[in-house]
Amino acid sequence: METKKSFWESFKSWFGIGALLFGTYCGANMASGAYAAGYMVTVGGGWMLVWLAMFCLFMAFFCSIGLNFVRAYNIKNYNQYYLTLWGCHRPETSPALKVGVSAFFDVYSLFSGLITVAATLALFATLMNSLFGIPKFVASLGGVILFAFLTVNGAGFLRKFNTIMTLSLLVSLAALFFAVLSDRGDVLASRIGNFEEGVDWTGPTVTVAAHFSMFLSYCWSTSSWGSSLCNYAENIKTKKDAIGSGVLCGVLVTFLFGITSLIVLPYMPEAMSDAPILLICQTYLPKVLTAVYWVVVVFSVVSTAPTFTFNMANRWAAVWKTEKVSHKAKFFIISFVYLTAAWAISQVGLMAIVQKGYVIMGKIALPAVALPLVFSIYRVWKKDKAEKAA
């Protein structure tokens, strides 16, 4: 008979998943403030609240039903996730259809991960060059080796590692936020909830309606997170755990969007750049805050790339059937190859197209992932009911 867990025991497992996603989301573009400036505060502090609420609902909803789908079908990697989502897990499914669905989502997942990991490697190289004078080429290769090593240690390690990174990031971001309150607290207070100021910050081409359309496309991409979280969901045994973890994922990541937005908002539109928070630290805040900011960036890059890389390695290690190479060695080789590809892409300036890439991924995700996942609510209910009756 299964022992009933206390709320605290359940919450710890929910927080492990939420912290993992928090650390993963706090990558190069989030820690730099580019997401805050490009998505949340683009047209002012009033609409910022609307976008934050909208994102939280999307994230919590899709993470909850995605994790519940993973629980119901005992899914272990993203290929199994997408095959099952499209009903191609059944023995009678045509092999050609299985191959087609697998190939489509392999390309989808590869592109989605590469645009994030490549940006992370580029920022890591810039960081090491700025702090220690290490040539960017050498630093980026060092990042490949470091991230491959962290990936090899497995899902349990990454959950614990990202939990520590999450707490450290919270402290660092809080320090930046209080410095901003001290410097421009009055400006921040006047802009939060203000729907009049800010609609013209980016010129006449970016209207509220146009920004809403772009942001909605981005929100649809949250439907894909179940394919990553399935790698770390072995402790999700009940529907309550799936929903609790999913809601916490939405709340924690929205908090991350929120605090970076509150840091950037008082300095708009001057802070509209590729690295708004760095610009703010160097221009408006005490020099010690620049050092705190570097801590945020270091933690963000080290907690992001290994999680995306593990997702890819976990998929292809299962396909690599040879017994001559150990499982750990397979993980390292696959991770190294994947990270090297991301490094190569980062050399051509991927940072400039990251946000466009995510919007494209969101538009693809709506018909390919979001709608089948919504339908899965009925499938999971039907499956649970049949198992309970049996």
Side-chain angles (χ1 to χ4, degrees), residues 25-49 51-52 119-134 136 139 168-194 196-203 205-206 211 255-302 304 346 349-355:
Y25 233 104
C26 193
N29 295 288
M30 180 68 79
S32 69
Y35 278 175
Y39 288 139
M40 295 299 177
V41 302
T42 314
V43 288
W47 289 106
M48 176 194 76
L49 300 179
W51 310 143
L52 287 171
T120 303
L121 281 168
L123 185 59
F124 180 81
T126 300
L127 176 63
M128 293 299 104
N129 179 259
S130 299
L131 288 178
F132 308 112
I134 301 172
K136 290 185 179 181
S168 302
L169 282 163
L170 286 172
V171 172
S172 302
L173 288 169
L176 287 172
F177 175 63
F178 285 119
V180 169
L181 285 180
S182 177
D183 183 55
R184 292 200 178 182
D186 55 336
V187 177
L188 178 61
S190 69
R191 290 183 174 181
I192 293 178
N194 188 332
E196 309 241 344
E197 186 178 8
V199 292
D200 60 346
W201 282 344
T202 52
T205 58
V206 182
H211 189 75
F255 172 81
L256 180 59
F257 263 117
I259 194 168
T260 53
S261 298
L262 291 175
I263 291 170
V264 173
L265 179 60
Y267 301 94
M268 288 291 285
E270 295 87 354
M272 182 67 78
S273 68
D274 288 338
I277 295 179
L278 178 59
L279 174 67
I280 292 166
C281 289
Q282 292 177 329
T283 308
Y284 302 100
L285 302 180
K287 291 183 179 179
V288 67
L289 269 303
T290 301
V292 173
Y293 172 73
W294 285 128
V295 172
V296 173
V297 177
V298 167
F299 288 163
S300 73
V301 298
V302 174
T304 296
S346 71
L350 186 65
M351 290 288 282
I353 63 170
V354 164
Q355 289 192 14

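All heavy atoms count here, side chains included; hydrogens, waters and symmetry mates do not. The first residue of the sequence shown is numbered 1, and numbering continues consecutively from there.
- Side-chain atoms of T260 come within 3.5 Å of backbone N or O of F257 as a donor-acceptor pair.
- Counting heavy atoms from C-beta on, the side chains of L256 and Y35 never come closer than 4.5 Å.
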Report task. Just do the ring-ring contact (aromatic ring centres under 6.0 Å, His included) check on W47 and H211 with the steps written out, would you? Result -> CA-CA 10 Å; W47 289 106; H211 189 75; 9.5 Å; no
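- L285 is not listed as a side-chain neighbour of T290, based on a closest heavy-atom distance of 4.5 Å or more.
- The shortest non-hydrogen separation linking M40 to S261 is CB-OG, 3.1 Å.
- The minimum heavy-atom distance between A175 and V292, with the atom names listed, is CB-CG1, 4.1 Å.
- What you find for A179 and L289 is that their closest heavy atoms are CB-CG, 3.8 Å.
- Contact of the M268 side chain with the T42 side chain is not registered, since no non-hydrogen atoms from C-beta on lie closer than 4.5 Å.
- Residues Y267 and D183 meet the side-chain proximity criterion, which asks for heavy atoms closer than 4.5 Å.
- The two residues A36 and V264 have their closest heavy-atom pair at CB-CG2, 4.1 Å.
- In plain terms, the two heavy atoms of P276 and G33 that are nearest each other are CG-O, 3.5 Å.
- Rounding to the nearest 0.5 angstrom, the gap separating the CG atom in L188 from the OG atom in S190 is 8.0 Å.
- When all heavy atoms are compared, the tightest approach of L262 to V180 is O-CG1, 4.1 Å.
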